[in-house]
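What follows is one structure encoded as structure tokens, with my remarks underneath.
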Amino acid sequence: MIDKDVKYKGVIFDLDGVITDTAEYHYLAWKKLADELNVYFDRKINENLKGISRIESLEIILKNTDKSFSEEEKHRLADKKNEYYKEMIKEITPKDILPGVLDLIKELKNRGIKMAVASVSKNAKTVLLNLGLIETFDYIVDANKIKNGKPDPEIFLNAAYGIDVEPKLCIGIEDSKAGIEAINRAGMLSIGVGNYETVKEADIVLKDLSDSSAILNLL
Ligand code: BG6
Ligand code: MG
């Protein structure tokens with residue numbers, strides 16, 4: 001909920017699809033696996049995978065086939081997707097930071113706002129390293145630090161704790177439905193970027209971060 005009287009002190013960024021377009025690489029890696037398995041998969045189904053862990057994503061994809069897979073096979077398939085994904089993210093450089101992100105980070109730093117990354121990806125640190133952003137944030141939470149993935153609020157609450165800012169004074173930025181729900185349940189202000197239908201439960205929806213005046217006005 002937007003409370004005009006609140007001066008926000010912390011900003012928590014999702015990574016995939018917010019800071020860089022790795023959401024597209026996740027899609028392409030799943031698509032390759034699904035095609036090999038002859039399982040129907042498209043971009044609409046993919047919207048539901050955003051913010052969701054690797055193994056949960058696979059479970060959603062396999063809903064479109066009658067074939068059954070043992071737990072061991074499922075883990076092998078998830079590993080295979082991850083190998084495809086890791087090949088793709090090797091190519092990432094600072095040029096892949098999405099429009100507006102660096103300017104926003106710079107402005108937040110100037111204003112003394114604390115910043116964290118909250119990503120359920122086990123590859124988050126590699127992506128941040130390749131983007132040249134590993135030292136930029138005050139705190140990073142990835143899959144290794146949490147028990148419950150998005151839409152559970154745990155990852156955002158952990159991030160708020162990590163930057164020592166009360167959750168109600170934090171803004172969370174997400175491109176996924178599960179992520180927006182997690183931010184809202186954490187009692188933070190939610191900013192949705194990207195696909196409108198996916199993030200429409202956010203307090204503020206932006207196309208991307210190229211115009212971040214809506215965020216800076218909240219500080
Ligand atoms: C999220 C992505 O950030 O990380 C999901 O939005 C992805 O699409 C999840 O499944 C887990 O990522 P990884 O790299 O651990 O497979
Ligand atoms: Mg995301």
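In listed order, ligands and their atoms are each counted from 1.
Within the listing of ligand 1, atoms 5 (C), 8 (O) sit less than 4.0 angstrom from a heavy atom of L49.
Look at G51 and you'll find a heavy atom under 4.0 Å from some atom of ligand 1. Using a 4.0 Å heavy-atom cutoff, L15 is absent from the residues neighbouring ligand 1. Residue S57 places a heavy atom less than 4.0 Å from ligand 1.
One option in K50, R54, H26 has a heavy atom closer to atom 16 (O) of ligand 1 than any other, and that option is R54.
Y85 is linked by a ring-ring contact (aromatic ring centres under 6.0 Å, His included) to H26, counting only residues two or more places apart in sequence or in another chain.
Here's the thing with K122: one of its N/O atoms is less than 3.5 angstrom from an N/O atom of ligand 1. For ligand 1, the polar-atom distance check against D16 finds a nitrogen or oxygen pair separated by under 3.5 Å. Every N/O-N/O distance between W30 and ligand 1 stays at or above 3.5 Å. At a 3.5 angstrom cut-off on N or O pairs, S121 counts as close to ligand 1. For a threshold of 3.5 Å applied to N or O pairs, the pair formed by N123 and ligand 1 contains at least one separation below that value.
Scanning all heavy atoms of the two residues, the minimum distance from I89 to Y25 falls at CG2-CD1, 4.1 Å. Listed here is the closest heavy atom pair of F156 and A118: CE2-CB, 4.0 Å. Closest approach of Y196 to V205, counting heavy atoms only: CD1-CG1, 3.8 Å. Listed here is the closest heavy atom pair of R54 and N123: NH2-ND2, 3.8 Å. Considering all non-hydrogen atoms of both residues, N130 and I92 come closest at CB-O, 3.4 Å.
Looking at heavy atoms from C-beta onward, V193 lies out of side-chain contact with K207 at the 4.5 angstrom threshold.
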Residues I140, K125; criterion side-chain contact (heavy atoms from CB on, under 4.5 Å); working and verdict:
CA-CA 8 Å; I140 297 167; K125 292 226 165 111; 4.2 Å; yes

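At least one cation-pi condition fails for K31 and F41: the charged atom is not both under 6.0 angstrom from the six-membered ring centre and inside a 45 degree cone around its axis.
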Check residues 163-173 and write down every donor-acceptor pair under 3.5 Å in which the side-chain atom is one partner and the other belongs to a residue at least two apart or another chain.
none

Using residues 105-113 as the side-chain source, report each donor-acceptor pair under 3.5 Å to any protein atom, sequence neighbours left out, with the distance given to one decimal.
residue	atom	partner	partner atom	Å
E107	OE2	R111	NE	3.0
E107	OE2	R111	NH2	3.4
K109	NZ	T136	O	2.8
R111	NH1	L216	O	3.4

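Counting heavy atoms under 4.0 Å from ligand 1, residue I52 touches it through the backbone alone.
Protein N/O/S atoms found under 2.8 Å from the Mg ion (ligand 2), listed by chain and residue number: D14 OD2, D16 O, D175 OD1.
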